[in-house]
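Please read the structure below before turning to the comments.
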Amino acid sequence: MDFSVLVLGSGAATPKKDRHCASQVVNINGLRMLMDCGEATQHMIRATHQKMQSFGNIFISHLHGDHIFGLPGLLSSMHLCGRTEVVRIVSPKGLKEAMDALFRVSDTQPLFPIEYVELEGDAPVEVLRNNKCVVTAFPLHHSVPCYGYRFEENFPLLNIRRTTIDRYPSLTPGEIASIKQGNDYVDSDGNLVPNAELTHPRPIPKRYAYCCDTVYSESILPFIQDVDLLCVESTFADEFASVAAEKLHCTASQAALLAKKANAKKLLLTHFSARYKDITPLIEESTAVFPNTIAAEDGLRIEI
């Protein structure tokens, strides 16, 4: 089973030569989803040999430019390359209005339908569920409405034990389907056989949470608890803690504290300010609090 995160952009508000604006590819068992779409996202999609047309689901954290300015170009390229399948975009409210205006003034009529799911309010909401994953959006704390996303493997059907088939060779396709859905089985003698005796336990799902941009807030802990990989912005080092608080961003050590309190297995730092030519100080500040920290780099792929 494949569950990975590919970093396309790890920079903050302004890009650098080696750090583009925020974007990631989340791949769960072949389902590729785009997380944020900053400037140059489509260039990085090509540079990392991703298939542009494979992204049917796009998740936007918030509407600041460094997280959405790559979206018009990407959708335009999809259109020019003949896409006809729907693209589903989850974002805070306002993105549809902006994209509709841009398409209107540029006289662009996408060949494919775009489904906008616009988020409002402070309650977590399930924004995608299929046979591969469940995605939940939850509120962050930034200068504009902003949401984090939790990606979790989904195993809707159970696997039947081989001994079950041997023991009950007359099982019909319908009975097998019912057992896979978690139901008990009544044999030909009328005996009730518990489902747990017929199937393998569901695997423990892997989980990934993406939090960018946000000020430090422990209110998000319930949504990131026990994840295998936690991505938190770390725009500043501690020396700029007051600036981080003013601009509603996290420092590296604050990101690490969130990972520690959430009992995350690994922390991925990202969204680094362009003022840092060397992010070593941010890594050192984070690992002092949460040792299992890695730093995002454009093109970095992390297996979960």
Verify the cluster assignment for [X] and [Y]: are they in a single hydrophobic cluster under the rule of side-chain heavy atoms below 4.5 Å apart?
X: L128; Y: L71; value: no
X: M35; Y: M99; value: no
X: L31; Y: L6; value: no
X: M52; Y: L75; value: yes
X: I283; Y: V7; value: no

Donor-acceptor check, side chain of [X] to backbone of [Y], threshold 3.5 angstrom: yes or no?
X: T48; Y: M44; value: yes
X: D228; Y: I304; value: no
X: S54; Y: K51; value: yes
X: Q24; Y: L34; value: no
X: S106; Y: L102; value: yes
X: N154; Y: N130; value: yes
X: Q181; Y: L157; value: no
X: T287; Y: E284; value: yes
X: D36; Y: A22; value: no
X: E175; Y: T172; value: yes

Test side-chain contact (heavy atoms from CB on, under 4.5 Å) applied to [X] - qualifying residues, sequence neighbours left out:
X: A262; value: L221, I224, Q225
X: L119; value: V90, V125, V127, A137, Y147, Y149
X: E115; value: V86, R88, V117

Handout entry: Residue of the set H141, H271, H64 for which side-chain hydrogen bond (donor to acceptor under 3.5 Å, both in side chains) holds with D213
Key = H271
Exercise for the section: Mind checking the CG-OG1 spacing from D238 to T251? Nearest 0.5 Å is all I need. Expected result: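 Reported to 0.5 Å precision, the distance equals 4.5 Å.
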Exercise for the section: Please lay out, stage by stage, how V87 and I58 fare under the test side chain to side chain contact (heavy atoms under 4.5 Å, CB included). Expected result: CA-CA 8 Å; V87 173; I58 300 173; 3.9 Å; yes
Problem - Exercise: identify the closest heavy-atom pair between L229 and Y208 - result: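 Nearest pair, atom of L229 first, then Y208: O-CD1, 3.2 Å.
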Exercise for the section: Kindly give the heavy-atom pair with the smallest separation between K261 and E218, and that separation in Å. Expected result: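 That closest heavy-atom pairing would be CE-OE2, 3.0 Å.
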Are side-chain N/O atoms of [X] and [Y] paired as donor and acceptor at under 3.5 Å?
X: D226; Y: N263; result: yes
X: D2; Y: N27; result: yes
X: Q42; Y: S77; result: yes
X: R275; Y: S273; result: yes
X: E39; Y: H20; result: no

Practice task
Show which residues join I179 in its hydrophobic cluster (side-chain heavy-atom contacts under 4.5 Å, direct or indirect), or state none.
Solution key: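 Cluster partners of I179: I160, I165, Y168, L171, I176, Y185, V193, L198.
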Handout entry: Whichever hydrophobic residues join V215 through chains of side-chain contacts under 4.5 Å
Key = L248
Exercise for the section: Determine, stepwise, if the pair S4 / E303 fulfils side chain to side chain donor-acceptor pair (under 3.5 Å). Expected result: CA-CA 4 Å; S4 64; E303 293 283 350; 4.9 Å; no
Can you find a heavy atom in the side chain of [X] that is under 4.5 Å from one in the side chain of [Y]?
X: L140; Y: C211; result: yes
X: E153; Y: F3; result: yes
X: M33; Y: V26; result: yes
X: C212; Y: H67; result: yes
X: P92; Y: V144; result: no
X: F55; Y: M78; result: yes
X: V134; Y: E126; result: yes
X: I302; Y: L268; result: yes

Exercise for the section: Taking the six-membered ring for Trp and the full ring for Phe, Tyr or His, determine whether the centres of F236 and Y276 are under 6.0 Å apart. Expected result: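 Centroid separation for F236 and Y276: 6.0 Å or greater.
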Exercise for the section: Identify the residue among F138, Y210, F151 that makes a ring-ring contact (aromatic ring centres under 6.0 Å, His included) with F59. Expected result: F151
Practice task
Apply salt bridge (Lys or Arg N to Asp or Glu O under 4.0 Å) to E152 and list each qualifying residue two or more places apart in sequence or on a separate chain.
Solution key: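 Once residues adjacent in sequence are excluded, the partners of E152 under the salt bridge (Lys or Arg N to Asp or Glu O under 4.0 Å) criterion are R150, R207.
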Handout entry: Salt-bridge present (D166, R162; N to O < 4.0 Å)
Key =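 R162 and D166: salt-bridged.
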Problem - Verdict with supporting geometry, V5 and C231, side chain to side chain contact (heavy atoms under 4.5 Å, CB included) - result: CA-CA 10 Å; V5 174; C231 180; over 6 Å; no
Problem - side chain to side chain contact (heavy atoms under 4.5 Å, CB included) assessment of D298 paired with L8 - result: CA-CA 5 Å; D298 292 18; L8 300 181; over 6 Å; no
Exercise for the section: Would you sort out whether I45 and L74 count as a side chain to side chain contact (heavy atoms under 4.5 Å, CB included), showing the intermediate values? Expected result: CA-CA 10 Å; I45 286 173; L74 176 62; 3.9 Å; yes
